[in-house]
Chemist: 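Shown below is the structure under consideration.
Chain identifiers are assigned alphabetically (A, B, ...) following the order of the sequence lines, protein sequences preceding nucleic acid strands; residue numbering begins at 1 within each chain. The shown structure was predicted, so the numbers you read here are calculated from the model rather than taken from an experiment.
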Number of protein chains: 2
Amino acid sequence: MVAATTRQQIVQAADTLFYERGFEATSFADIAVVVGLSRGNFYYHFKTKDEILHAVIAYRLSNIQAMLEAWEVGAKTPIDRIRSFIQILILNQAKIMAYGCPVGTLCNELAKRDHIAKNRAVELFTLFRDWLSCQFTALGHGTQADELAMHILMRSQGVAALATAFRDEAFIRREVDDICLWLAVQRPNLSDNPESVSIQNS
Amino acid sequence: MVAATTRQQIVQAADTLFYERGFEATSFADIAVVVGLSRGNFYYHFKTKDEILHAVIAYRLSNIQAMLEAWEVGAKTPIDRIRSFIQILILNQAKIMAYGCPVGTLCNELAKRDHIAKNRAVELFTLFRDWLSCQFTALGHGTQADELAMHILMRSQGVAALATAFRDEAFIRREVDDICLWLAVQRPNLSDNPESVSIQNS
DNA sequence: GTCTATACGAAGATAGAC
DNA sequence: GTCTATCTTCGTATAGAC
């Protein structure tokens with residue numbers, strides 16, 4: 001299926017360009033140039049720009065899903081899995097300093113435009129949020145698991161925002177270490193989850 | 001001076017629109033409508049869009065400067081002054097949930113476009129950063145003052161980003177309380193600043 | 001200082017040939 | 001499925017009258 005391949009090429013090119021230049025700032029022509037298509041042919045695959053955005057968000061959702069599953073396999077303990085998440089700040093340092101967090105910057109852009117796809121973009125956050133929440137639940141944090149997940153997400157967003165502004169690698173390392181320190185100190189509230197006592201010391 | 005007034009009206013209108021819609025997404029026509037000017041007359045006051053951006057950033061810089069000075073007078077202790085900063089997350093909650101942080105979102109947008117004014121926009125952050133650093137220095141945190149300032153800035157950015165995404169007031173309150181808690185727990189590293197012993201217990 | 005009119009280019013989108 | 005040609009709208013910017 002050649003059609004599927006071209007379509008996929010468009011989505012991948014759009015994914016990169018939306019991240020590096022922003023959704024609004026990226027034109028059909030920009031994407032067409034990267035894929036090596038004529039502008040006209042573009043509309044065979046996608047009728048509107050919003051349709052491409054929809055496909056790009058779907059693409060990112062599945063990529064994140066795959067990443068989370070890889071972390072699930074690659075790290076043995078919930079703590080190590082959460083650390084995998086935090087480490088993307090180091091792994092993607094260069095890109096984050098140049099373009100910010102792909103999820104956060106997209107959500108901000110769509111929020112300002114009050115775009116229909118905004119809630120769909122927030123789903124990208126929700127994927128991380130629910131996965132982190134699961135890890136904290138496994139650690140024995142019953143009702144607080146979601147709040148802790150949001151706290152980690154919040155910190156990663158803050159680090160990404162200031163990393164883009166100041167481009168300070170030492171700042172990123174320091175804050176990543178601080179999140180890991182915070183993580184190590186967290187202990188489940190036993191009154192929430194009496195059956196999880198055995199987990200907390202694992 | 002009527003000219004100065006019109007110019008000022010343009011800058012104020014642009015300030016609001018750049019925040020609520022974004023810099024790129026705001027057209028001359030949008031600003032002209034708000035001010036009640038014709039598009040043509042616009043170019044009497046500003047030759048290019050970048051010139052307006054320059055003026056808007058200058059306007060924001062002076063607004064922030066005035067705000068910092070007001071906090072300096074309105075709050076008696078450095079701790080209370082830092083709390084004034086944190087409280088803007090509550091005070092501007094509605095706008096932040098709708099449009100994000102005015103400084104963070106502008107820096108992100110300009111970073112993606114690799115815009116000339118990006119470093120000037122970062123100055124908006126630097127104003128807060130240096131002021132916060134001063135407060136921490138007054139609290140006796142010698143060499144760590146700037147790191148603590150960056151940590152507070154980082155948290156406020158993270159909260160703003162997720163507030164825009166999830167529009168969760170309880171989350172904002174919780175994280176604001178958590179920053180205040182963190183702030184109350186900070187104690188100066190005495191080896192850095194031996195002469196500040198008397199301050200740490202004030 | 002403010003207006004109308006207009007040039008110019010970029011970008012979204014369509015029609016129809018191959 | 002891909003192309004060229006074209007339409008339309010919009011946004012930046014300019015010229016010149018009042």
Side-chain angles (χ1 to χ4, degrees), chain A residues 1-57 59 106 109-110 112-118 120-121, chain B residues 1-57 59 106 109-110 112-118 120-121:
Chain A
M1 249 164 92
V2 183
T5 305
T6 304
R7 194 192 149 90
Q8 209 175 322
Q9 276 182 288
I10 291 174
V11 171
Q12 285 173 4
D15 176 41
T16 304
L17 289 169
F18 286 177
Y19 175 38
E20 297 183 355
R21 302 187 191 179
F23 171 63
E24 277 287 322
T26 301
S27 69
F28 284 130
D30 293 334
I31 305 170
V33 164
V34 173
V35 182
L37 275 180
S38 71
R39 265 188 304 162
N41 187 18
F42 214 96
Y43 291 84
Y44 173 79
H45 302 281
F46 293 98
K47 306 267 181 300
T48 67
K49 204 177 176 184
D50 287 356
E51 245 178 71
I52 307 176
L53 178 60
H54 195 272
V56 166
I57 294 177
Y59 178 65
L106 180 64
E109 187 179 352
L110 298 182
K112 275 191 203 287
R113 317 269 4 220
D114 207 12
H115 196 284
I116 333 124
K118 191 246 180 184
R120 236 180 106 68
Chain B
M1 252 162 87
V2 183
T5 305
T6 303
R7 194 193 149 90
Q8 209 174 324
Q9 276 182 289
I10 292 174
V11 171
Q12 284 173 7
D15 176 41
T16 304
L17 289 169
F18 287 179
Y19 175 37
E20 297 182 356
R21 303 187 191 178
F23 170 64
E24 276 288 321
T26 300
S27 68
F28 284 132
D30 293 334
I31 305 171
V33 165
V34 173
V35 182
L37 276 178
S38 71
R39 265 188 305 163
N41 187 18
F42 214 98
Y43 291 84
Y44 174 78
H45 302 281
F46 293 98
K47 307 269 181 299
T48 66
K49 205 177 175 184
D50 286 357
E51 246 179 68
I52 308 177
L53 178 60
H54 195 270
V56 165
I57 294 176
Y59 178 66
L106 180 64
E109 187 179 351
L110 297 182
K112 275 190 202 288
R113 318 272 359 225
D114 206 12
H115 196 285
I116 332 123
K118 192 248 180 181
R120 235 179 107 68

Chemist: Would you indicate, yes or no, if C:dT2 has its OP1 or OP2 atom less than 4.0 angstrom from a side-chain nitrogen or oxygen of B:Thr6?
Modeler: yes
Chemist: Describe the nucleic acid contact of B:Phe28 in one word from base, sugar-phosphate, nothing, applying a heavy-atom distance below 4.0 Å.
Modeler: sugar-phosphate
Chemist: Nearest whole angstrom, please: distance from the P of D:dT12 to the CZ of B:Phe23.
Modeler: 9 Å
Chemist: Can you tell me how far C1' of C:dA13 sits from NE2 of A:His45, to the nearest Å?
Modeler: 16 Å
Chemist: Could you tell me the separation between the CD1 atom of B:Ile31 and the CD1 atom of B:Ile52, rounded to the nearest 0.5 Å?
Modeler: 4.5 Å
Chemist: Within the structure provided, determine whether A:Phe23 and A:Leu110 are in side-chain contact (heavy-atom separation under 4.5 Å).
Modeler: yes
Chemist: Atom CG of B:Asp30 and atom P of D:dT9: how far apart are they, to the nearest Å?
Modeler: 18 Å
Chemist: Closest heavy-atom contact between B:Phe28 and B:Thr48?
Modeler: CZ-C, 3.9 Å
Chemist: Among the candidates D:dA13, D:dT2, D:dT4, find the nucleotide nearest to the side-chain atoms of A:Ser38.
Modeler: D:dT4
Chemist: Rounded to the nearest Å, what distance is computed from the OH atom of residue B:Tyr44 to the C1' atom of nucleotide D:dA13?
Modeler: 18 Å
Chemist: Between atom CD of B:Glu24 and atom CG of B:Leu53, what is the distance when rounded to the nearest 0.5 Å?
Modeler: 10.0 Å
Chemist: Can you tell me how far C1' of C:dG12 sits from CD1 of A:Ile31, to the nearest Å?
Modeler: 12 Å
Chemist: Quick one: which of C:dT4, D:dT12, C:dA13 gets closest to the side chain of A:Lys49?
Modeler: C:dA13
Chemist: Please classify the nucleic acid contact of B:Ser27 as base, sugar-phosphate, or nothing, using heavy-atom distances under 4.0 Å.
Modeler: sugar-phosphate
Chemist: For A:Asn41 and for A:Ala25, locate the closest nucleotide of DNA chain C by heavy-atom distance; then report the residue assigned to the nucleotide nearer the 5' terminus.
Modeler: A:Ala25
Chemist: Taking CZ from A:Phe46 and P from C:dA13, how many angstroms apart are they, rounded to a whole number?
Modeler: 13 Å
Chemist: Give the nucleotide from the list C:dG12, D:dC3, D:dT12 with an atom nearest to the side chain of A:Tyr43.
Modeler: C:dG12
Chemist: Can you tell which of D:dT4, C:dC3, C:dA11 lies closest to the side chain of B:Leu37?
Modeler: C:dC3
Chemist: Heavy atoms only: give me the nearest B:Arg21-A:Lys112 pair and the separation to one decimal.
Modeler: C-CD, 3.9 Å
Chemist: Among C:dT2, D:dT12, C:dA11, which nucleotide sits nearest the side chain of B:Arg39?
Modeler: D:dT12
